[in-house]
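To keep things clear, I will list the structure first and then write my remarks on it.
Per chain, numbering begins at 1; letters A, B, ... match sequence-line order.
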2 protein chains.
Amino acid sequence: MGATKTEHFTNKQNEMAILAKALGHPARIAIVEYLIKVNSCICGDIVNELPLAQPTVSQHLKELKNAGLIKGSIEGNAICYCIDEKAIEKLQNYFGNISTKLTDKKNKCC
Amino acid sequence: MGATKTEHFTNKQNEMAILAKALGHPARIAIVEYLIKVNSCICGDIVNELPLAQPTVSQHLKELKNAGLIKGSIEGNAICYCIDEKAIEKLQNYFGNISTKLTDKKNKCC
DNA sequence: ATTTAATATTGCAATATTACGATTAAAATT
DNA sequence: AATTTTAATCGTAATATTGCAATATTAAAT
């Protein structure tokens, strides 16, 4: 026990859970927000923006990358990071869809 | 170490991270989707829908409730669960906002 | 009052996450 | 070539999560 039983859920469910989980930490939310704020790809500079040690930030970046939320490309001795818009789109569609379904119905039982 | 350093991030960042984290597990995604699918509040019945033991489901429900994603009210000897629309709205707004900011900019450096 | 049904809680083992110091790797600069 | 810069990786401690059997709780039904 201890490990998530992904095999019992649909691909879509696992995919959304992976994206959500990646954003389930304030540092990773902060990284994504910073990438949006600077409005471009960032080469270096991310570590200085966060109140965490360099290896910790590196680890968070890796998780965001594994989840497909950011892309990173080597740019000399720095790394260029930016948001992967497709992932954000998926999240937006997902919650937009849920929102629509919720407002469609009118049975207020709670 | 091992605990998230929430104190270094903004309230909003922590709030979004809590919501995302709650959805960062396929079982909890499945619960939310089920609540939407049946299109009403559900009294009982959730445990049978999931491929997990009753205590595990109960725990996932508790986490969704703590994060503010679902509401539960006692209804006889069953519990009536439903989505808290405000939380979904927050998520939709958040990702909608990010999406807008991303499509606004045109600097494709990646 | 007993039994039944639905859900929560407890306790625990397995695993995952978070954080960081130390180290390494790779490229730019001197 | 030696140094500096930037970021990844390793190792490890602290903590959190996942999952479930056993048990408790609560209210309805008998």
With the side chain of T4(A) defined as its heavy atoms from C-beta on, choose the nearest nucleotide among dA8(C), dA8(D), dT18(D).
dT18(D)

Return the nearest nucleotide to the side chain of A53(A); candidates are dA8(D), dT9(D), dG21(C).
dG21(C)

Which listed nucleotide (dT9(C), dA19(C), dA16(C)) is nearest to the side chain of A3(A)?
dA16(C)

Nucleotide nearest L52(A) when distance is taken to its side chain, options dA8(C), dG19(D), dC20(C):
dC20(C)

For the backbone of Q54(A) and the side chain of S58(A), can you confirm whether one donor and one acceptor N or O come within less than 3.5 Å of each other?
no

For residues 41-53 of chain A, run the donor-acceptor check on the side chains, cut-off 3.5 Å, and write out each pair with its distance to 0.1 Å, sequence neighbours left out.
unit_1 : atom_1 : unit_2 : atom_2 : d
D45(A) : OD2    : Y34(A) : OH     : 2.8

Identify which nucleotide among dA8(C), dT9(C), dT9(D) has an atom closest to any side-chain atom of S58(A), counting heavy atoms from C-beta outward.
dT9(D)

I want to check one thing: is the phosphate of dT6(D), taken as OP1 and OP2, less than 4.0 Å away from some side-chain N or O of Y81(A)?
no

Would the base of dA6(C) count as contacting Q54(B) through its side chain, where contact means a donor and an acceptor less than 3.5 Å apart?
no

Using a cut-off of strictly less than 4.0 Å, decide whether T56(A) has a side-chain nitrogen or oxygen near OP1 or OP2 of dT18(C).
no

Got a sec? Which of residues 15-30 of chain B come in under 4.0 Å of DNA chain C, heavy atoms?
none

Taking for each residue the nucleotide of DNA chain D bearing the nearest heavy atom, is the 5' side occupied by Q59(A) or by P55(B)?
Q59(A)

Any side-chain N or O of K62(A) under 4.0 Å from OP1/OP2 of dT9(D)?
yes

